[in-house]
Peer 1: 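Okay, handing you the structure first.
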There are 2 protein chains.
Amino acid sequence: MKKDVTALKLNRFLPYRLTKLSGIISRSLAERYSRQFDLTIQEWRVIAIIGEKPGLTAREVGDLASLDKVNISRAIERLEKAGRINREVLPHDRRAFALYLTETGKIILSQIVPLAQNYENLLLEGFSADEIEQLDSFLNRLDSRADELIPHLKENN
Amino acid sequence: MKKDVTALKLNRFLPYRLTKLSGIISRSLAERYSRQFDLTIQEWRVIAIIGEKPGLTAREVGDLASLDKVNISRAIERLEKAGRINREVLPHDRRAFALYLTETGKIILSQIVPLAQNYENLLLEGFSADEIEQLDSFLNRLDSRADELIPHLKENN
DNA sequence: AAAATATAGTTACATTTGAAACTAATATTT
DNA sequence: AAATATTAGTTTCAAATGTAACTATATTTT
């Protein structure tokens, strides 16, 4: 029996499933971050990265957070206004600045990390260590495949 | 050695990885659909669903496509204007209408299905049948976990 | 059967996002 | 060392998206 090539079950289509899953998770997390910390997901990513590697520039943070420069610029602006990060112009390149968490920023980070980790743990509840590793490897492989299939989008995002 | 609970490697954080992966894939597909068929992802989902089950109402399509009613309404409007679908008011409920693909719509569907399937195949190139099944089951499990963890978002999407 | 409630879909308005143009500084070429 | 091109980050403007209010019909309650 031949496969019907004119039909496609959307709910079995990998891109659809991934988008749907990531949508549910993102909205759920966004809700928590915003309610408890008045923080967007973009801001949260910036904080997490600066916390890990203080002194990066906006561009570097953007690369690591998969945020384009407009988004980074806006997230940084909001974080600075909220007193959560500060910037220091680089002496050798006055266009760019190094980013640091303020004390407030560090406190937020220390509060939000357990929340995020807890959420991840809940998501993965029921997965064995082996399965988590499997999943991890699947995602890595899909990532690199997806990168190869880009028709050609610009850098960053 | 204790784990440092005040740090979190973003690129190992499942929600981040899923969002990133689904973003790359979605943008890549959106680019193809739009360039070759002048179709948004939402419109594509609607066409795929009506193709599979002709006669559904907007709400029913929305449920299956994970699109809220505003998005469905807009996708349907564009599809109808482009002559790709048509609507027939339901005799027993004059608020709602049944949706059908026009001939044009069917042609589009028959052209886009192989494209989508091909893209999925390319993504999964290198995955064995077993691994695809594994991945499938992981996604299902994550889906239901994610649903349970919703803090309480509305229906749909 | 009138009134109240709920549902399908649309419209209006506000917010978010992204692309392109822009400014200021640095790096490269001539 | 001017001129040209590139890069970091910002701003502007347009398009996409989400929320809430709305219209029309259907259903339920009194």
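Letters A, B, ... are given to chains in the order of the sequence lines, protein chains preceding strands, and every chain is numbered from 1.
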Peer 1: On DNA chain C, compare the nucleotides closest to A/L90 and B/A96; which residue's is nearer the 5' end?
Peer 2: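 Closer to the 5' end of DNA chain C: B/A96.
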Peer 1: Whole Å only: how far is the CG atom of B/L39 from the C1' atom of D/dA16?
Peer 2: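 So the CG-C1' distance, B/L39 to D/dA16, works out to 16 Å.
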Peer 1: Using OP1 and OP2 only, check whether a side-chain N or O of B/S73 sits under 4.0 Å from C/dT10.
Peer 2: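 Checking B/S73 against C/dT10: at least one side-chain N or O falls below 4.0 Å of OP1 or OP2.
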Peer 1: Name the orientation class of the two ring planes belonging to A/W44 and A/Y33 (parallel below 30°, tilted from 30 to 60°, perpendicular beyond 60°).
Peer 2: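 Ring orientation, 0 to 90° scale: tilted.
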Peer 1: C/dT26 phosphate, OP1 or OP2: any side-chain N/O from A/R94 under 4.0 angstrom?
Peer 2: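 The answer is yes; a side-chain N or O of A/R94 sits under 4.0 Å from OP1 or OP2.
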Peer 1: Return no unless some side-chain N or O of B/Q42 is found under 4.0 Å from OP1 or OP2 of D/dA16.
Peer 2: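 So the side chain of B/Q42 is outside the cut-off, no N or O lying under 4.0 Å from OP1 or OP2 of D/dA16.
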Peer 1: Could you state the CG-C1' distance from A/D68 to D/dT11, rounded to the nearest angstrom?
Peer 2: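 Rounded to the whole Å, the gap is 14 Å.
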Peer 1: Tell me: CD of B/E80 to P of C/dG9, nearest whole Å?
Peer 2: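 Atom CD in B/E80 sits about 13 Å away from atom P in C/dG9.
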Peer 1: Would you mind telling me which residue lines up with the more 5' stretch of DNA chain C, B/D93 or A/N71, judged by nearest nucleotide?
Peer 2: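 The answer here is B/D93.
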Peer 1: Select from A/A98 and B/P91 the residue whose nearest nucleotide in DNA chain D is closer to the 5' end of that strand.
Peer 2: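 The residue mapped nearer the 5' terminus is A/A98.
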Peer 1: Could you state the CD-P distance from A/E31 to D/dG18, rounded to the nearest angstrom?
Peer 2: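 These atoms are roughly 15 Å apart.
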Peer 1: Under 4.0 Å from OP1 or OP2 of D/dA15: is there any side-chain N or O of B/R78 that close?
Peer 2: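 No, outside the criterion.
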Peer 1: Rounded to the nearest Å, what distance is computed from the CZ atom of residue B/F97 to the C1' atom of nucleotide C/dA8?
Peer 2: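 That distance rounds to 8 Å.
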Peer 1: I want to verify a distance call: between C/dA12, D/dG9, C/dG9, whose nearest atom is closest to the B/R59 side chain?
Peer 2: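 Ranking C/dA12, D/dG9, C/dG9 by closest atom to the B/R59 side chain puts C/dG9 first.
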Peer 1: For A/T57 and A/E60, which I'm curious about, is there any donor-acceptor pair between the side chains at under 3.5 Å?
Peer 2: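 Yes - a donor-acceptor pair under 3.5 Å links their side chains.
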Peer 1: Rounding to a whole Å, what distance do you find between B/E77:CD and C/dT11:C1'?
Peer 2: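 From B/E77 CD to C/dT11 C1': 10 Å.
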Peer 1: Give a yes/no on whether any side-chain N or O of A/R95 is located under 4.0 angstrom from OP1 or OP2 of D/dT7.
Peer 2: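 Result: no.
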Peer 1: Measure NZ/B/K69 against P/D/dT23 and give the value in whole Å, please.
Peer 2: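 Atom-to-atom, B/K69 to D/dT23, this comes out as 14 Å.
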Peer 1: Is any side-chain N of the basic residue among A/E80 and A/R84 closer than 4.0 Å to the acidic one's carboxylate O?
Peer 2: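 So A/E80 does not pair with A/R84 through a salt bridge.
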Peer 1: Between B/R141 and A/F127, is NZ or CZ placed under 6.0 angstrom from the six-membered ring centre and within 45° of the ring axis?
Peer 2: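 Because its charged atom sits under 6.0 Å from the ring centre and within 45° of the axis, B/R141 does stack over A/F127.
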Peer 1: Would you mind classifying the nucleic acid contact of B/T40 as base, sugar-phosphate or nothing, using non-hydrogen atoms under 4.0 angstrom?
Peer 2: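 Nothing: the residue B/T40, judged by heavy atoms under 4.0 Å, touches no strand.
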Peer 1: For A/I24 and B/A146, which heavy atoms make the closest approach, and how far apart are they?
Peer 2: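 Between these two residues, the closest heavy atoms are CG2-CB, 3.8 Å.
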Peer 1: Between the base of C/dG9 and the side chain of B/R74, is there a donor-acceptor distance below 3.5 Å?
Peer 2: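 Under the 3.5 Å cut-off, the side chain and the base do not form any donor-acceptor pair.
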Peer 1: Between P on C/dT17 and CD on A/E43, what's the gap in Å once rounded to a whole number?
Peer 2: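 These atoms are roughly 11 Å apart.
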